[in-house]
Amino acid sequence: MSRRYDLIIDGKSVPADDYAEIRSPSTGEVVGLAAQASRAQLDDAVGAAQQAFAGWRCASDETRSEACAAVAGAITEHQAELAELLSREQGKPLKGLGAEFELQGCIGWAGFTAQQSLPVKVIEDSEERRVEEHRVPIGVVGSITPWNWPLMIAVWHILPAIRTGNAVVIKPSPFTPLGTLRLVEIMNEVLPPGLVNAIAGGDELGAELSRHPDIRKLVFTGSIPTGSKVMASAASDLKRVTLELGGNDPAIVLPDADPAAIAEGLYWGAMINSGQTCGAIKRLYVHDALYDAVAESLLAIDAKVPMGDGLDTNNLLGPLQNERQYRKVIELVEDAKARGARILCGGEPTDGPGYFYPVTFVADIEDGAPLVDDEQFGPVLPIIRYTEVDDAVRRANGTSYGLDASVWGRDPEQLADVAARLEAGTVFINKHADIAPHIPFGGVKCSGLGVEFGEEGLAAYTDIKIINAAV
Ligand code: NAD
């Protein structure tokens with residue numbers, strides 16, 4: 001009998017009328033049963049959060065900081081259990097940049113958030129007036145998360161919200177609800193009841209949450225089309241929004257780069273989580289002079305990277321997380337083949353069970369092909385040839401995406417010049433996908449609105465309140 005994972009409302013496990021079977025993307029076996037929240041249970045969760053908020057908004061800064069540190073401690077205690085559940089449900093391997101790495105991220109981000117603060121700023125202290133800028137909590141935060149890094153993104157949403165005095169209702173992706181339900185249950189061992197609530201369900205539950213009149217801020221991580229719907233829902237009562245959306249990150253390899261030296265960074269910059277990462281390299285622009293050498297260095301690394309069931313500790317890459325994504329990746333590669341692109345490795349889905357698609361490098365492909373223009377979100381990388389650096393920059397920028405970008409080479413001046421011209425929230429030089437809790441992260445253009453992490457990310461969970469006193 002599969003284990004049931006209940007909703008977490010007001011500090012308690014709450015059963016539902018319906019449960020959804022959540023299956024392993026590697027084996028097809030049932031990992032667990034996820035409670036499906038009703039509309040009334042959504043209201044219960046928001047109501048519990050509102051009640052908890054009434055007390056928590058008055059809690060001292062020290063109390064809130066200690067609570068975040070206690071969450072980091074509770075996750076640490078349960079990290080082996082959570083990593084295994086994450087690997088079984090999401091598919092990512094335990095090892096490498098997989099489930100254990102994601103749990104380390106959860107602990108690191110929670111611990112860092114505990115130490116952050118937003119002290120009162122004195123804007124003016126004169127004979128005329130004393131003006132202070134305070135950061136005050138917003139209210140109940142609705143968090144909606146995707147299936148690729150479900151636990152880390154849950155921590156990214158929840159911890160800054162409670163650190164700054166808000167309460168939370170989180171709704172994980174219907175593909176990966178189990179880890180989040182368990183994570184929030186664990187958080188509730190150390191938090192006041194109702195401060196963090198978890199409800200699981202389908203996309204419609206996300207839409208209802210984003211429309212809920214008692215939610216005051218929405219933090220959403222997911223695709224651009226859904227992000228735009230969430231923003232529309234927020235408009236009617238001016239909810240605050242933070243949107244972290246899709247990316248189609250370009251990497252430009254300059255003519256003076258050393259192919260062997262950059263290959264490892266390029267490979268994992270693209271293949272992290274089997275490419276199912278918003279900020280992974282998704283288009284690789286390589287100068288004609290290095291084109292074959294870069295491709296060969298990537299193939300040499302790939303030959304040493306095993307893919308398979310995540311619980312086998314030899315594996316470093318896992319499957320696509322769900323059938324929809326698996327079909328999309330197959331379709332994009334088939335389209336590239338039909339256009340005459342050259343498949344350097346992979347290129348055919350593996351026999352089941354599981355949604356395994358091999359690492360695939362695709363050469364002789366141009367902008368305009370869907371594999372280049374769309375977010376493939378899989379272990380498939382188009383390698384695009386260029387001859388003029390200006391042209392590569394123009395093509396890299398020729399998209400509505402703007403999450404990250406990277407430039408690889410040796411001449412510091414040229415690296416800095418290209419970095420300055422790339423349109424992205426983050427531009428990396430000689431690396432990719434290097435994020436940290438003290439560095440603001442977010443997308444420009446259609447890749448998002450606002451940032452997470454750093455002081456700016458924390459401040460996004462607050463309103464500014466000015467106290468302007470006569471003296
Ligand atoms: P998705 O947009 O399909 O779903 C994300 C979440 O939104 C899920 O919980 C889903 O149930 C919910 N949802 C669906 N319809 C909704 C609606 N109408 N209103 C409110 N919520 C709704 O995205 P996905 O397929 O789960 O995730 C993959 C996408 O997420 C990719 O585009 C990826 O780049 C992006 N992503 C971005 C970041 C970032 O930080 N920028 C991080 C991770 C993933």
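Ligands are counted one by one from 1 in listed order, and the atoms in each one are counted from 1 as well.
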Sidechain-backbone polar pair: D373 side chain, P370 backbone, donor-acceptor under 3.5 Å: no

I need the contact type for [X] against ligand 1. Using non-hydrogen atoms and a strict under-4.0 Å cut-off, is it side chain, backbone, both or neither?
X	answer
P172	backbone
Q325	neither
N148	side chain
W149	neither
E244	both
F220	side chain
I144	side chain
I153	side chain

Can a non-hydrogen atom of [X] be found less than 4.0 Å from any atom of ligand 1?
X	result
G448	no
P174	yes
F175	no
T277	no
R324	yes

W408/Y285 aromatic ring centres below 6.0 Å: no

For a quick test of your reading: what N or O donor-acceptor pairs under 3.5 Å do the side chains of residues 264-273 make, sequence neighbours left out?
unit_1 : atom_1 : unit_2 : atom_2 : d
Y267   : OH     : D302   : OD1    : 2.6
N273   : ND2    : N148   : O      : 3.0
N273   : ND2    : Q276   : O      : 3.0

Nearest-neighbour protein heavy atom for atom 39 (C) of ligand 1, which is reported as residue plus atom name and distance: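 I find the closest protein heavy atom is C278 SG, 3.2 Å.
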
Heavy atom of protein closer than 4.0 angstrom to atom 4 (O) of ligand 1: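 So far as the 4.0 Å threshold goes, atom 4 (O) of ligand 1 is out of reach of every protein heavy atom.
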
Straight-line distance of L94 CG to E102 CD, nearest 0.5 Å: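 One finds 11.5 Å between CG of L94 and CD of E102.
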
E89-Q321 side chain donor-acceptor pair, cut-off 3.5 Å: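 No donor-acceptor contact under 3.5 Å links the two side chains.
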
